[in-house]
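Heads up: the structure comes next, in C-alpha cells.
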2 protein chains.
Amino acid sequence: MLRISKLTDYATLLLTHMARAPQQVYSARGLAEQAALPLPVAAKLLKLLAREGLLVSQRGAAGGYVLARAPQRISMAQILAAVEGPLAVTECALGRGVCEMEKGCATRPHWQLIGHALQVALEAVSLADMVAPKAAPVRLQRLER
Amino acid sequence: MLRISKLTDYATLLLTHMARAPQQVYSARGLAEQAALPLPVAAKLLKLLAREGLLVSQRGAAGGYVLARAPQRISMAQILAAVEGPLAVTECALGRGVCEMEKGCATRPHWQLIGHALQVALEAVSLADMVAPKAAPVRLQRLER
DNA sequence: GTTAAATAGGACTGTACAGGTTCTATATAG
DNA sequence: CTATATAGAACCTGTACAGTCCTATTTAAC
C-alpha cells in the first residue's frame with residue numbers, strides 16, 4: 001500500500017517519453033500512442049500537467065505540449081503534487097483543525113517526520129533520473145542518537 | 001496524497017497507547033475509550049494486529065491484548081504492512097506480470113528506488129519513537145555521483 | 001475566409017475499495 | 001453456569017479514483 005494513483009503513474013510515463021527529446025513538441029494523440037494509453041486519459045493528464053506548470057501548451061493546428069523545464073529540474077515530488085495534490089501522509093499533515101484529536105495526539109510530529117522523509121526522497125529523484133539507465137542515487141540514513 | 005489509510009492511523013493510535021505501558025493487558029473496550037474510537041473499529045483492528053503478530057491476544061474473561069514485542073522492536077513499516085498489506089508504490093512493485101507494460105517500461109527500477117527509500121524511512125521509526133517527546137532521528141541524504 | 005487540427009475545460013458515470021457495523025462462535029475466569 | 005472477553009466472517013455504504021464525452025477556443029494551412 002501507500003500506492004500512488006494510476007494517473008500519477010501514467011503522467012510519469014508521458015513525461016519520461018517527452019524527456020527523451022525535450023524541446024520537441026508532442027501532440028496528445030502521438031503521446032497516447034507511444035505510451036499505449038487511451039487518448040482521453042492522456043489528453044486529460046496533459047491538460048492537467050500544463051495547468052500545473054510542468055508543461056507548456058500550444059493550441060491550434062501543429063500545437064502540442066513541451067516540457068516547461070529541463071528534465072533535471074522536474075522532480076517526482078512535483079509530478080505527484082501536480083496530479084494528486086499536496087503530499088500528506090496523514091490528514092493532520094494538511095493543516096490545523098482537520099483532525100479533531102489534534103490536541104492530545106502525540107504521534108503527529110512523528111508522522112510529519114515520516115512525511116518529510118518521503119518528500120525528500122521524491123524531490124531527490126528527477127525526471128532525468130527516471131530515464132537514466134542507472135538507478136538514481138538516493139539513500140536514507142539513520143542517525144545514531 | 002500518498003496518504004496512509006485511516007485504519008493505519010487508528011492502529012498506530014492504539015499501539016502507542018499500549019506502548020506507554022507495555023506488558024500490560026488491554027481490553028478492546030478500554031482501548032477504544034482511551035483512543036476515542038468506536039468500539040467496533042478498535043476491536044476489528046486489534047484482531048487484525050493480533051493475527052499479524054504485532055499483538056498477543058488472550059481470550060476469555062479478563063482477557064485482552066498485549067504487545068508482542070518491545071515497542072522499540074515494532075516499526076511503523078510493520079504496522080503499515082499489517083493493516084494495509086505489503087508496501088508497493090506502484091502496481092508493478094508487487095511482482096512480475098501485474099503490469100502489462102512491463103517490458104518496455106524504463107521507469108520501473110526508479111519507482112522501486114523511491115519505494116525502497118520510503119520503506120527505509122518507515123523501518124527507521126519505531127513505536128517507541130512515536131511516543132517519545134522528540135522527533136525520531138531519521139534523515140535522507142542525496143549522494144553525489 | 002474556411003477548414004482542419006489541436007488544446008481547454010467541464011460534466012458525467014461506473015466501480016472498486018476503504019471505513020464501519022453487526023452477528024455468531026469460541027474461549028476462559030470466577 | 002454465567003459473564004466477559006476475543007475470533008472471524010458477512011455485510012452495508014459513501015466516496016474518490018479512473019475513465020469517457022461533449023462543447024468551446026485557438027491557430028496553421030490552404
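In what follows, chains are A, B, ... by sequence order, proteins preceding strands, each numbered from 1. Side chains included, hydrogens not; waters and symmetry mates left out as well; all remaining heavy atoms used.
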Check your understanding: How long is the line joining CD of B:Glu84 and P of C:dG19, in whole Å?
Key -> 8 Å
Exercise for review: Using a heavy-atom cut-off of under 4.0 Å over every strand shown, decide if B:Ala43 touches base, sugar-phosphate, or nothing.
Suggested key: nothing
Check your understanding: If you check every side-chain atom of A:Lys6, which of C:dT7, C:dA29, D:dA18 has the closest atom?
Key -> D:dA18
Point to revise | 5'-most by nearest nucleotide on DNA chain C - A:Lys44 or A:Gly64 | key: A:Gly64
Exercise for review: Test side chain to side chain contact (heavy atoms under 4.5 Å, CB included) on B:Trp111 and A:Met130 and set out the steps.
Suggested key: CA-CA 8 Å; B:Trp111 275 121; A:Met130 293 297 271; 3.8 Å; yes
**Study point:** Rounded distance in Å - CG (A:Leu55) to P (C:dG9)
**Key:** 13 Å
Exercise for review: Respond yes when some side-chain nitrogen or oxygen of A:Tyr65 is under 4.0 Å from OP1 or OP2 of C:dA8, and no when none is.
Suggested key: yes
Exercise for review: Whole angstrom is fine here: how far is it from OH in A:Tyr26 over to P in C:dT7?
Suggested key: 14 Å
Point to revise | Distance in angstrom units between B:Leu39 CG and C:dC23 P, rounded | key: 14 Å
Check your understanding: With no angle test and no hydrogens, is the base of D:dT25 tied to the side chain of A:Arg59 by a donor-acceptor pair under 3.5 Å?
Key -> yes
Exercise for review: Report the distance from atom CG of A:Leu15 to atom CD of A:Gln78, rounding to the nearest 0.5 Å.
Suggested key: 10.5 Å
Review point. Between B:Leu45 (CG) and C:dG20 (C1'), how many Å, whole number?
Key: 10 Å
Point to revise | A:Leu14 CG to C:dT7 P, straight-line distance once rounded to whole Å | key: 12 Å
Point to revise | Atom pair CG/CZ of A:Leu48 and A:Arg51 - distance to nearest 0.5 Å | key: 5.5 Å
Check your understanding: Quick one: is D:dA18 close enough that its OP1 or OP2 comes under 4.0 Å of any side-chain N or O from A:Ser5?
Key -> yes
Exercise for review: Whole angstrom is fine here: how far is it from CG in A:Leu7 over to P in D:dA16?
Suggested key: 15 Å
Review point. Does atom CZ of A:Arg69 have more than 12 heavy-atom neighbours from other groups under 6.0 Å away?
Key: yes
Exercise for review: Starting at atom CD of B:Glu91, determine the distance to atom C1' of D:dC17, rounded to an integer number of angstrom.
Suggested key: 12 Å
Review point. Would you say B:Ser57 reaches D:dA5's phosphate, i.e. side-chain N/O to OP1/OP2 under 4.0 Å?
Key: no
Point to revise | Along DNA chain D (nearest heavy atom to each residue), the more 5'-positioned of A:Gln58 and B:Gly63 | key: B:Gly63
Review point. Less than 3.5 Å between a donor and an acceptor, one on the side chain of A:Lys47 and one on the base of C:dG9, is that the case here?
Key: yes
Practice item. Please determine, for the side chain of B:Arg51, which listed nucleotide (D:dA9, D:dT20, D:dA7) has the closest atom? Key: D:dA9
Check your understanding: Out of C:dA6, D:dA7, C:dA29, which has the shortest distance to the side chain of B:Ala61?
Key -> C:dA29
Check your understanding: Would you say A:Tyr10 reaches D:dA18's phosphate, i.e. side-chain N/O to OP1/OP2 under 4.0 Å?
Key -> no
**Study point:** Gap between atom NZ of B:Lys44 and atom CG of B:Leu37 - 0.5 Å precision
**Key:** 13.5 Å
